[in-house]
2 protein chains.
Amino acid sequence: MREDTRTRIQEIALRLFTEQGYEATSLREIAEELGVTKAALYYHFKTKDDIVTSLVGNRLVELEELLAWARSQPKTPQTRRELVERYAAGIRRTQHIGVARFLERNQTALRDHPTLTKTRELMMELVNELNEPGATPVERVSRATALFAIHAGKWMIDEGKLSEDEVEKASLEVAMRLLEP
Amino acid sequence: MREDTRTRIQEIALRLFTEQGYEATSLREIAEELGVTKAALYYHFKTKDDIVTSLVGNRLVELEELLAWARSQPKTPQTRRELVERYAAGIRRTQHIGVARFLERNQTALRDHPTLTKTRELMMELVNELNEPGATPVERVSRATALFAIHAGKWMIDEGKLSEDEVEKASLEVAMRLLEP
DNA sequence: GTCTATATACTGATAGAC
DNA sequence: GTCTATCAGTATATAGAC
């Protein structure tokens, strides 16, 4: 069964936005790779921004679900560990890893984009769920860095010293250690 | 004593590149803030890229010096701690903190820029200096995250829960913990 | 759904006067 | 050292034919 054009636009856009940056990627490039003209894109998406919104949508839903789950649980060490595990699992899911990377790499270009603002808010809320109200600065930074570590490792994969699988396992281990007091 | 125009261009460019992104900031904007025309900028800098090169230059020199120092030391826990301390101190220096943020936020836009490639290489070399040759994946990721943690904290400052000073001290503490086995 | 053609605006960059 | 004027190129976006 052939993919429809809308999906192919999303795939190509995500790849180019991630590789080259959002601003550096023109609709002409996307259209050329797809084998159509720019105008055809405007049939499927109202604006360039609209492509971003559609890309980020699924990930936003996932983060919201994760936050809702965390809030439904007691604030225990076990909950925190599971929260980080679920976060890492979400990042690893094939559909979302690309979107996460795209967002990581285009923070500035998209700084006023509503979906990025929303993502950032959700991330801060997740960090809050990793902390008790009276947490010390070291605890807060440490637990924030735990979530961050899940992403940080990916930056090392390109360098070739470690495989993707090794990095993922090691990142999770490091994140777990950052949750401990 | 009045600042010269070249310096003011650098200051304005750094701020706008950081706030809005490199691609999203036009030379027209920079010129307008400075109160001159675009053409005047071209007297001081040959190209837009050239402004970036001038901004990153000092930081590159500092990273190179830090790497040279690390290589002149024995690979001991004490050296590793001091390396991270010196790295954090460099980041904190008023002239460099801005450049570091600018580079963090514009990774994609500058992905082919020689100064960013060089910065990334130096960072990887610093991570290597934090590791023995036979280091496990967890050690490698952990010690890389230590350097990363110095930056990671800054991301939390905007949120207002912690002061800049608290975050800096806490980040260093977290980084130190990530060096331990 | 996709096309051609076009509108409108902005970009980085240069030439040459003052 | 800064200006005016301008270049060539590209961008997002739209109108209307097929």
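Computed from heavy atoms alone, side chains included, the values below leave out hydrogens, waters and symmetry copies. In what follows, every chain begins at residue 1, and chains take the letters A, B, ... in the order their sequences are listed.
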All N/O pairs under 3.5 Å across the protein-nucleotides 2-6 of chain C interface:
| unit_1 | atom_1 | unit_2 | atom_2 | d |
| --- | --- | --- | --- | --- |
| dT2(C) | OP1 | Thr5(A) | OG1 | 3.3 |
| dT2(C) | OP2 | His44(A) | NE2 | 2.7 |
| dC3(C) | OP2 | Thr37(A) | N | 2.7 |
| dC3(C) | OP2 | Thr37(A) | OG1 | 3.1 |

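Nucleotide dG1(D) holds its P atom 13 Å from the CG atom of Leu34(B), rounded to whole Å. The CD atom of Glu23(A) sits 15 Å away from the P atom of dC10(C) (whole-angstrom rounding). The separation between Ile30(B) atom CD1 and dG12(C) atom C1' is 11 Å, rounded to whole Å. The distance from atom NZ of Lys48(B) to atom C1' of dG9(D) is 15 Å, rounded to the nearest whole Å. Rounded to a whole Å, the NZ atom of Lys46(A) is 9 Å from the P atom of dT14(D).
When the side-chain nitrogen and oxygen atoms of Tyr42(B) are compared with OP1 and OP2 of dA13(C), one or more of them lie within a distance under 4.0 Å. Arg28(B) has no side-chain polar atom (N or O) that falls below the 4.0 Å cut-off from OP1 or OP2 of dC10(C).
At distances below 3.5 Å, at least one donor-acceptor pair connects side-chain atoms of Asp4(B) with backbone N or O atoms of Thr7(B). Put simply, the side chain of Thr145(A) never gets that close to the backbone of Phe148(A): no donor and acceptor are under 3.5 Å apart. Side-chain atoms of Thr79(A) come within 3.5 Å of backbone atoms of Pro74(A) as a donor-acceptor pair (strictly under, hydrogens ignored). Checked by atom type and distance alone, the side chain of Arg105(B) never pairs as donor or acceptor with a backbone atom of Gln107(A) at under 3.5 Å.
When each of dA11(D), dT14(C), dA13(D) is scored by its nearest atom to the side-chain atoms of Thr47(A), the top-ranked nucleotide is dA13(D).
The side-chain hydrogen bond (donor to acceptor under 3.5 Å, both in side chains) analysis of residues 24-36 of chain B, with sequence neighbours excluded, yields the pairs Arg15(B)-Glu33(B), Gln20(B)-Thr25(B), Gln20(B)-Glu29(B), Arg28(B)-Glu32(B).
For Tyr87(A), the ring-ring contact (aromatic ring centres under 6.0 Å, His included) partners are His151(A), not counting sequence neighbours.
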